There are 2 protein chains.
Amino acid sequence: MTRPTKRPLTLRDVSDACGVSEMTVSRVLRKRGDVSQGTRDRVLAAAKALGYVPNQIAGSLASQRVNLVAVIIPSLSNMVFPEVLNGVNSAFEDTPLQPVVGVTDYLPEKEERVLYEMLSWRPSGVIIAGLEHSEATRAMLRNAGIPVVEIMDVDGTPVDAMVGISHRRAGREMARAILKEGYSKIGFMGTKMPLDHRARKRFEGLTEGLAKAGIEIEDRDFYSGGSALAKGREMTQAMLERSPDLDFLYYSNDMIGAGGLLWLLDQGVDIPGQIGLAGFNGVELLQGLPRQLATMDACRAEIGRAAAKIILDRTDPQGDDAAPAHITLTPTISPGDTLRRSRRG
Amino acid sequence: MTRPTKRPLTLRDVSDACGVSEMTVSRVLRKRGDVSQGTRDRVLAAAKALGYVPNQIAGSLASQRVNLVAVIIPSLSNMVFPEVLNGVNSAFEDTPLQPVVGVTDYLPEKEERVLYEMLSWRPSGVIIAGLEHSEATRAMLRNAGIPVVEIMDVDGTPVDAMVGISHRRAGREMARAILKEGYSKIGFMGTKMPLDHRARKRFEGLTEGLAKAGIEIEDRDFYSGGSALAKGREMTQAMLERSPDLDFLYYSNDMIGAGGLLWLLDQGVDIPGQIGLAGFNGVELLQGLPRQLATMDACRAEIGRAAAKIILDRTDPQGDDAAPAHITLTPTISPGDTLRRSRRG
DNA sequence: ATGAAAGCGCTAACAG
DNA sequence: CTGTTAGCGCTTTCAT
């Protein structure tokens, strides 16, 4: 039975307990090298009986290899990033690699601190959200000597590898879709986050796309804090009171879009006839709303999986001579029920 | 400037670069012991110029101290656990301790594996969701020789410390509130998760509470997978077709409750007159719905903060002689607009 | 198939 | 205030 010890057990303890050298115990526990079945069994039995847990700190120092991969994201409150993490997790399942998550709160200085902390554990790779980083952060990434995958966005120049979608293009495509359906008085609502570069790029893409047709955003508003759903309601109401002639509302995320949708339905507004709506992200949540909000999938889990695969490929065999992978995923518009003024089903 | 090296830099490199012993460099970098201002400056300058990042693997092995705290939770897809993590993060802000997250997918064997992996990094403490664990897991927790805080639930016996709410009591109190408002034909909907012990305890508490008034659940249903909001709609419709005389629906989480609420409003059902509703969790989301769903706060961020504080208290000074903390938080019912048949505002 | 020796990069403990 | 010495617990490498 496992008798509690103040000092954590070492290989030595197991070695003593079963009369086999530390080296052999180590080999058994790591399933490396040839060990006779009998010895193996005795070692395993002793280790289990004692409740021995190997010390990876010592192991990693000795072997100069660490099975950790740093994953650095802006937030956990968003549902977007947990989904990316699920993608990463699923790709690392059944591999020796393990993700370790750091959160930056969209703050460049915090990103710097978090990266420094993680690099001090000498991980085997880094997966980090976004392409915009402080110069110090970029320097650390460059000099770390490990694979680095920047994710979510491809509008920019990565330090090494990159996997994501073009948010600027997403905005442009949404503009095209909106115009194609005959809407022309467009309002925009989003988060007030100067540091959310991806939301900014979608907005820029939208205005670009509209500009090509000689159209400008008629109204816009930005919020911060609070329940996104509630904010969507409030902002939609405020905007329509201010600009009653709007015929389309583009939201920078599905949550506020859903809030707007619910409010408009309450008001008895004809959607998508009188007003069309679209959000961004393809959150699962939307499937339970009375109308399906038009949206665009951000390929979140897929991005996580692809990033993890890149790290695996670069880590596992010898093939890290390949050019850094640059993977652009293509999000698709789901028109749902809120973006089809011209042709109804 | 940081010139990329294949081999990561060591203290030795910094020592060479500034003509100071490794030991002194180490002291400067850790801000430990007295070092003259001049030396300090030279060391810092050299370290920055080289882009040196300390190796915590070596540091932790030498000092026998690791600034990591293992946080083990069932899922990231739930919004409940990210909120707990935010609580943990906030309490560790400005301390040397750092959370490292592991996800179990509600699987006991995976919990065991994840815990083993994390213990092999010799963390300074463990925060783990739930009180139900395999015997092997409990043994590891007992023998780890570090503070262990089991969180979310207090209906059971912890290995060491514990912070949470009584889900059984939450269910009972909801029963009382429901009965007090005059409802009597009660239906229940929840997740089909034999391993979600907290949802199970809420259900048991509810049936207990109703039983005291001689009342039994009239109908119940369980789902798995899919969008919770959509499931809430479907299940509510199905249940009311099956049991049209129900006058109250209790949902095991707010998401399916919100789905049910939206469906009932679509149908023009009088809420809470004809049918009352309640969920569980107090998710921020609800604040944007057309009616406020009655719910009960699970104190998620607070639980995370309190757990982190316990680890800090036990780690920081000498005071780990105190009895293990057992903290029971008290969730409060928010009746919202869906649980007040008798007295309207 | 097993063991012995050396050392991973850092810090505790002690000298000066 | 600064330097020296000896490990931390494991794995690598080389013997046997």
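Small disclaimer: the values here were computed from a predicted structure and weren't measured. What's counted below: heavy atoms across the whole structure, side chains too, no hydrogens, waters or symmetry copies. Below, read A as the first sequence line, B as the second, and so on, with proteins coming before strands; counting in each chain starts at 1.
Between the C1' atom of D/dC8 and the CZ atom of A/Arg7 lies a distance of 12 Å, rounded to the nearest Å. In this structure, CG of A/Asp34 is placed 16 Å from C1' of D/dT16, rounded to the nearest angstrom. The distance from atom CZ of B/Arg30 to atom P of C/dA13 is 11 Å, rounded to the nearest whole Å. Note: CG (B/Asp16) to C1' (D/dG3) measures 15 Å, nearest angstrom. Atoms CG (B/Asn67) and C1' (C/dT11) sit 15 Å apart, rounded to a whole Å. Protein atom CZ of A/Arg122 is 19 Å distant from nucleotide atom C1' of D/dT11, rounded to whole Å. Between B/Arg32 atom CZ and D/dT2 atom P the separation is 17 Å, expressed in whole Å. Rounded to whole Å, atom P of C/dG3 lies 13 Å from atom CZ of A/Arg12.
Rounding to the nearest 0.5 angstrom, the gap separating the CD atom in B/Glu132 from the CG atom in B/Asp196 is 10.0 Å. Atom CG of A/Asp16 and atom CD of A/Glu22 lie 8.0 Å apart (nearest 0.5 Å).
Checking side-chain atoms of A/Ser60 against main-chain N and O of A/Gln56 turns up a donor-acceptor pair under 3.5 Å. With hydrogens and angles ignored, the 3.5 Å screen pairs no side-chain donor or acceptor of A/Arg32 with any backbone N or O of A/Arg27. Side-chain atoms of B/Arg300 never come within 3.5 Å of backbone atoms of B/Val84 as a donor-acceptor pair (strictly under, hydrogens ignored).
Near DNA chain C, meaning a heavy atom under 4.0 Å from it, residues 21-29 of chain B has B/Met23, B/Ser26 in order of number. Within residues 55-65 of chain B, the residues having any heavy atom closer than 4.0 Å to DNA chain D are, in order of number, B/Leu61, B/Ala62, B/Gln64.
We find that A/Asp105 and A/Lys110 are joined by a salt bridge, their nearest charged nitrogen and carboxylate oxygen being less than 4.0 Å apart. With salt bridges taken as basic N to acidic carboxylate O contacts below 4.0 Å, none links B/Arg138 and B/Asp160. Here A/Asp13 pairs with A/Arg7 in a salt bridge; the nearest charged N to carboxylate O distance falls below 4.0 Å.
Between the side chains of A/Asp41 and A/Gln37, at least one donor-acceptor pair of N or O atoms lies under 3.5 Å. One side chain, A/Asn86 or B/Ser77, offers a donor N or O that lies under 3.5 Å from an acceptor on the other.
Among B/Ile127, B/Val101, B/Ile146, the single residue meeting the side chain to side chain contact (heavy atoms under 4.5 Å, CB included) criterion with B/Val69 is B/Ile127.
The nearest heavy atom of DNA chain D to A/Tyr52 and to B/Thr39 marks one nucleotide each, and the one closer to the 5' end goes with B/Thr39.
With axes fitted over five pairs at each extremity, the angle between the ends of the helix from C/dA1-D/dT16 to C/dG16-D/dC1 is 30° (10° resolution).
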